[in-house]
Amino acid sequence: MSGPAAPAPLTESQPAAPRLPASPWRVAVPLPVPAYDFAPPHGWDLTDPADSGPMPRLAPLGCRVLVPWRGELVVGLVVGEGDAWGAHRLRETVHVLDDPSTPWVTPATAQAITAWAADAHLPAGLVWCDLLGVGWEAAYAHRVRAVPGASLTAFGSRVPGNEWQDAVAFAPALLDAIREQGLLDEVFAPLGRTRTVLTARPLSEVPPAARQVTVLRAVSPRPATLTPKQLAACEWLSAHEPQPSLSAWARGAGVSSGVATGALNAGGAVLLTELADPPPSWAWLREHGPAESLSAWATGASLSGTPLSLTQAGTLAARGWAAQVQVPAPPPAVPAPAPLMPGAADPDRLPEALVWRLHGGRAAARFRVLAPRIWRLLAQGRGVLVIAPEHATLRLAWEGLSGLAADAGTQAAQLSGQLSDVQREHTWGQIRLGEARLVIGSYLALTAPVADLALVVVLEEGSDAYKLPSGSRAFVPDLAVRVAATQDAALALVGSVPAVESMPHPGAVLPPPRLRLHVVDYARPPEQPEMGPLSSVHLTPGDLGYPLSHDLSRVLRQVQERGRQAVLVAPRRGYSALLRCPGCEHTPQCRNCDVALRFHQETRRLTCHQCGYHEVIPDRCDGCGERFWKARGPGTEWIAQEVGKLLPGFPVYRLDKDRQDDLAALQGGEPGVLVGTQLLLSQPAPPNLALIGVTLADTWLNVSDFRASERYHRLLRQLAEWHPERAPMLVVQTFQADHPALRVLAEGRDALAYPAAEERVRQELFYPPHARLAQIEVTAREAKKAMLAAQELADALFGAGASAQEVLGPAPSPVARLRGVYPYHLMLRARSDSRLSQLLTVLDSRTWKARVRVDVHPRGGL
DNA sequence: AGCACGCCGACT
DNA sequence: GTCGGCGTGCTC
C-alpha cells in the first residue's frame with residue numbers, strides 16, 4: 001500500500017529477510033457471533049521496523065481494526081491469534097486503526113474477556129459488544145484508487161480510477177468486490193472531532209456582489225434646469241452624500257419624493273454603484289468571532305451595541321460576509337475530581353493478598369481506609385480501576401476517591417453511561433495515553449486500558465446490578481477477577497456487606513454503623529383475624545395494622561409532629577400486586593406471561609411487569625360477572641395513599657420506575673415522607689431522615705432463588721448505612737421476625753456474621769462458592785417442545801459423564817410462560833470452573849430442537 | 001444482530 | 001398466478 005497518508009503501522013516495505021507468515025488474527029466484531037479469523041493486512045508480516053529476525057510480527061492484540069463484513073467495513077477488536085492457516089481462504093484485515101504501542105484495550109484484558117466468553121460458551125462478539133462501550137464508531141477519512149496498472153472496467157463503469165478518490169463515492173459492496181480481488185489501494189486517516197463555527201470572511205474573499213451598493217450622489221455643477229426645491233435638495237445631498245435611496249434622500253432633505261425624483265431626472269444627482277463599507281456586524285465578527293451559530297452572532301453583536309437581528313445575520317451570511325468553517329472541537333467537560341482528602345498517605349493496613357475484601361462501616365469510612373492503598377499504588381506510577389454497580393455507588397466512590405489522583409501525580413477519570421459518547425471517548429483517550437491512572441466507573445470501565453494496572457476494586461460485589469441484562473448476561477465481578485488475574489493486579493472487594501462468594505478470601509471488616517431497629521412481627525398478632533374494610537381485608541393479621549402497622553404509624557406521626565423526614569420502602573411499584581374477584585377468586589392474568597397483572601390505580605390499568613402488556617381494568621369479573629375487585633399486595637401507590645390518609649397535609653413524595661417526584665425540597669431538608677421501591681437507594685438519603693420503614697420485608701424472601709436471603713440482608717445493611725452520619729430508626733414489618741438475615745442486625749453483629757453463616761449452609765447444599773453454577777435456558781413457543789429439548793440436553797449431559805449431583809432439572813421456569821414462550825431450565829453444578837466448562841461442551845456437540853442459552857453464574861429467579 | 005433463502009396461506 | 005409470514009443458516 002502506498003499513498004500520501006499511509007496508515008500508521010505500515011511503512012514502505014524494506015528488502016525483507018526470509019520470514020514466516022504471520023498467523024491469522026482473531027477479530028471480535030460487535031455482533032452476537034464468534035470472533036472470526038482474518039489475515040493480517042497486506043504487507044504486515046514484511047514490515048516490522050523494530051525487528052529484523054525471521055519472526056512474523058505479532059498480532060496487534062487489543063487494537064481496533066477495520067475488517068470486511070458482509071460487503072462493508074466494520075470495526076473489530078483483535079482478541080487473539082487465529083488457528084494456523086486452514087483450508088478456509090481468509091479475508092484480509094483492511095486497516096489497523098490503533099497504534100499497537102497504545103492499543104484500544106490492554107492486550108491482557110482482551111485475552112481475559114475472550115477467554116471468559118469461551119468458558120461461558122458465549123460468542124466473543126456478544127460479550128465484547130456488551131462490555132466495550134466506546135470505540136466501535138471510528139471516524140476516518142477513506143480514500144481509494146485502483147492498484148496502479150490494474151483495470152477495474154470489469155466491475156462496472158463507475159469504479160475507482162488511478163487518482164485517489166473519497167470512498168463514499170462508491171457503493172461499499174462494489175469496493176469490497178474489488179478489494180477481494182486485491183485490486184484496490186486504500187488509505188485511511190483518523191478524523192478528529194470538529195464543530196462548525198461562523199467566521200468573518202476576509203474582505204478579499206467576500207463576493208463583489210455582496211459588497212456593491214447603489215448610492216445617490218450630487219452632481220456639480222448643478223444643471224441650470226433645476227427648480228428651487230430641486231436645487232435645495234441637491235445642496236443638501238452634496239453635504240450628506242452618499243444616500244442609499246431616493247426616499248432616504250427626500251426624507252433627509254425635507255422634500256417630497258417627487259422633488260427628489262425630479263432632481264435625479266434633471267441630472268442634479270446620479271445613481272452610482274459603489275463598493276460599500278463592510279457592515280459593522282461583520283467587523284464585530286472579525287474582532288470577536290468565531291461565533292457558534294447565527295443566533296450567537298446576532299445576540300453577541302447586539303449585546304455589544306451593534307444591532308443585528310437573526311434574519312439580518314442570515315442575510316449577511318448568505319451573501320458571503322460570513323463563512324462556516326470546521327474547527328477542532330475542544331475537549332468535552334468531564335467530571336471534576338473531588339478535593340483531596342486528608343489522610344491519603346496514612347499507613348496502609350489492608351491485606352496484601354491477591355484477592356481481599358473490605359466491608360462494613362459506611363461508604364465514606366471504607367473509602368478512608370482504602371485511600372492509602374490506592375494513593376500508594378498511584379504514587380508508584382501504577383494504575384487503579386474502581387468499578388461500581390450503579391450510579392449512586394459510583395457517585396460516592398468519585399466523591400471519596402477521585403481526589404487522590406492529583407496528589408499522587410496523575411488524573412482521575414470517570415467512565416459510565418451517565419457521560420455522553422464524546423465524553424467517554426475523550427476519557428478513554430486519556431486513559432490509553434497513561435494520563436489518567438485512576439479510573440472510576442461502571443462496568444463500562446472494566447475494559448479500560450489502564451496503564452500498569454495494580455489493583456481492581458469491585459464495589460458492592462454482591463449487587464445484582466452487576467448482572468448485565470443484555471445478551472451476554474455477564475456478571476461483572478466474574479470478569480473483573482479475570483481481568484485482574486491476567487495482569488497480575490490485586491482484586492479488592494469493597495462494600496457494605498460481602499457476597500457469600502467473597503467469604504473465603506482474607507479481609508478486613510469495619511464496625512457496623514449505629515442502628516436503631518424495630519421489628520413489627522405480623523406473625524404474632526392476637527388470635528382471631530378480623531375482617532376489615534375493603535383495602536385491608538384478608539392480609540390483615542389481627543389488629544397490628546396493615547399495610548402500615550400501628551407501630552409504624554405512630555412513628556410516622558412523630559415524624560410529622562417534629563417536622564422530620566421519613567422514607568418507606570415498598571416491595572413493588574403500582575397499587576397492588578394483583579386484583580382478585582371476591583366472588584370467584586379469579587385474578588386477571590397477562591396474555592403473554594403466566595403472571596398476575598399488576599394494578600396501577602393512577603393510570604387505571606392492569607400491567608404486566610414482565611412484558612409490559614397492559615389493559616384497562618375490566619368492568620366486571622370474566623368468571624362470575626362480579627363488579628368489584630379486591631386489591632392484594634400493596635405497592636408504592638397504595639402505601640403513599642395510606643400515608644396521605646394517616647398524615648393529612650404532610651407532603652408525600654414517590655420514587656419508582658413509574659414516577660420520580662422532584663425531591664429538591666426533601667433534599668433541602670423540608671419535612672415529608674418519601675415512598676418508593678429499592679430505586680430509593682440510588683438517591684442520596686434525605687438530610688433530615690428520622691425513619692426508614694420496610695413495609696413488607698417478606699417479599700424479598702419469597703423469591704425462588706438461593707440468594708434471596710442474602711439479597712434481603714444486603715438491602716437491610718444498605719438501608720442502615722444509607723444516611724452518611726445519622727442512624728435513622730429502621731422499622732421492618734415482616735411475618736418472619738426471626739429470620740437470621742434480620743436478626744444479625746438486631747443483635748448488632750458485623751457485616752461478616754450473616755454471609756459467614758450462609759456460606760456454611762451453602763457448603764452443605766453444594767452451592768456457590770462451593771460449586772460453580774450455569775443455567776441452561778431452553779425456550780420454545782410450545783411448552784412440550786422446550787421440555788423435550790431440555791430433557792434431551794439432560795440425557796446428553798448424563799451420557800457425557802455428568803453426575804446426578806451436577807445436573808438439576810429440567811424444570812419449567814418459575815414463570816412458566818414469558819412473552820409468549822416457554823422457558824425450561826437446566827442447572828449445572830460443578831466443583832470447578834474447568835469442570836463446568838467441560839460439561840458445557842456438550843452444548844456444542846450437536847444442534848437442539850429449541851433455542852438454547854447459557855447463563856454462567858445465574859442470579860435472580862426471574 | 002441482520003440478511004438471505006425457502007416453504008406454505010390470503011389476495012391484486 | 002403473486003405477496004408475505006417467520007424458521008433456518010451464515011457471516012472470516
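First the proteins, then the strands, lettered A, B, ... as listed; each starts at 1. These figures come from a predicted structure and were not determined experimentally.
- In this entry the distance linking OH of A:Tyr36 with P of C:dC12 reads 8 Å, nearest Å.
- The residues A:Arg143 and A:Asp166 are annotated as not salt-bridged, no charged nitrogen and carboxylate oxygen being separated by less than 4.0 angstrom.
- Remark: A:Arg26 fails to qualify as a cation-pi partner of A:Tyr36 under the 6.0 Å distance and 45° angle criteria applied to the six-membered ring.
- A donor-acceptor pair under 3.5 Å is absent between the side-chain atoms of A:Trp69 and the main chain of A:Val29, judged by distance alone.
- Between atom CG of residue A:Leu839 and atom CG of residue A:Leu797 there is a gap of 6.5 Å, rounded to the nearest 0.5 Å.
- In this structure the side chain of A:Tyr822 never reaches within 4.5 angstrom of the side chain of A:Thr779, judged on heavy atoms.
- Side-chain atoms of A:Glu180 and A:Arg89, non-hydrogen and from C-beta on, do get closer than 4.5 Å to each other.
- The nucleotide range of DNA chain B contacted by chain A, defined by atoms under 4.0 angstrom from heavy atoms of the protein and reported 5' to 3', is B:dA1 to B:dC3.
- Computed from coordinates, the A:Arg851 CZ to C:dT8 C1' distance equals 14 Å when rounded to whole Å.
- To the nearest 0.5 Å, atom CG of residue A:Asp855 and atom NE2 of residue A:His121 are 13.5 Å apart.
- Across the protein-nucleic acid pair, A:Arg91 atom CZ and C:dC10 atom C1' stand 15 Å apart, rounded to whole Å.
- The distance from atom CG of A:Asp37 to atom P of C:dC12 is 12 Å, rounded to the nearest whole Å.
- Atom CG in A:Leu31 sits roughly 14 Å away from atom P in C:dT11 (whole-Å rounding).
- Atom CG of A:Leu808 is separated from atom CG of A:Leu828 by 8.5 Å, given to the nearest 0.5 angstrom.
- Contacts between residues 65-79 of chain A and DNA chain C, defined by a heavy-atom separation under 4.0 Å, are made by A:Pro68, A:Trp69, A:Arg70.
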